[in-house]
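Reviewing the structure listed below.
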Amino acid sequence: MKKPACWLMKTEPETYSIDDLARDGRTCWEGVRNYQARNYLRDEMKVGDLVLIYHSNASPPCVAGVARVVRSAYPDPTVLDRRSPYHDPKATEDNPIWMMVDLAFEEKFAQFVTLDALKKDKSLTDMLVLKRGQRLSIMPVSATHFEGVRSMGKR
DNA sequence: GCCAACGTTGGC
DNA sequence: GCCAACGTTGGC
């Protein structure tokens, strides 16, 4: 059995926060509209993988908790919904272009791990989320970094 | 609100 | 295929 991979996925808490995920228990992670992020979703993300939930455009920006992939990639239906903010006129039934996964709530950190705290931790300097200009909404995280962040989230 | 960084679009 | 213009992300 292959070990689960680890990821970081960004969300704006005003749109969908760790509390929303805790309340829902499980959710469809719709709205990924970047090809590289989509390729991670489609080609590499597997059921059982662990995900750091990152609050972007928050004050302060932070990792807020952990989720688990419970369904691997399938077409994102919001591409065909003309009233959805995620509607994509280039997508069709036969070629939906964009994919999504389902996530289940795993844990909310007792203490959110702020971007500032990540930057100050010497063992995390290689984390992609800390790289300059890194805007991907989905990125891989090493198991070591994942555990490091998770332990920082415990009080 | 500013702006750096990066992605996408479209004319050529 | 080049590249300028434009749009988006996201920290500050």
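Values below: all heavy atoms of this structure, side chains included; hydrogens, waters and symmetry mates excluded.
Rounded to whole Å, atom C1' of dT8(C) lies 11 Å from atom CG of N57(A). Atom pair N34(A):CG and dC6(B):C1' shows a separation of 10 Å (rounding to whole Å applied). Whole-Å rounding puts the Y54(A) OH to dG10(C) C1' distance at 8 Å. Computed from coordinates, the I138(A) CD1 to dG10(C) P distance equals 11 Å when rounded to whole Å. Taking atom CG of L118(A) as the reference point, atom C1' of dG11(C) lies 13 Å away to the nearest angstrom. Between L136(A) atom CG and dT8(B) atom C1' the separation is 15 Å, expressed in whole Å. The separation between Y86(A) atom OH and dT8(C) atom C1' is 13 Å, rounded to whole Å. Taking atom CD on E12(A) and atom C1' on dG10(C), their separation rounds to 8 Å, with Å as the unit.
Of the candidates F146(A), Y40(A), Y54(A), Y40(A) is the only one forming a ring-ring contact (aromatic ring centres under 6.0 Å, His included) with W7(A). For the pairing with F112(A), the side chain to side chain contact (heavy atoms under 4.5 Å, CB included) check across P61(A), P60(A), C62(A) returns one residue only, C62(A).
A salt bridge is absent between D116(A) and K119(A): the closest approach of a Lys/Arg side-chain nitrogen to an acidic carboxylate oxygen does not fall below 4.0 angstrom.
Side chain of R135(A), nearest nucleotide from dG7(B), dT8(B), dG11(C): dG7(B). Considering only the side chain of K90(A), dT9(B) comes nearest among dT9(B), dG7(B), dG11(C). Proximity note for K119(A) (side chain, C-beta onward) versus dT9(B), dG7(B), dC12(C): the nearest is dC12(C). Out of dG11(C), dT8(B), dA5(B), the shortest distance to the side chain of S56(A) is found at dG11(C). With dC12(C), dG7(B), dG10(C) as the choices, the nucleotide that has an atom nearest any side-chain atom of L115(A) turns out to be dC12(C).
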After noting the C-alpha distance and the side-chain angles of R135(A) and S56(A), does the key distance pass the side chain to side chain donor-acceptor pair (under 3.5 Å) rule? CA-CA 10 Å; R135(A) 302 183 310 164; S56(A) 63; over 6 Å; no

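When the side-chain nitrogen and oxygen atoms of K10(A) are compared with OP1 and OP2 of dG10(C), one or more of them lie within a distance under 4.0 Å.
Across every non-hydrogen atom of H145(A) and S123(A), the tightest pair is NE2-O, 3.3 Å.
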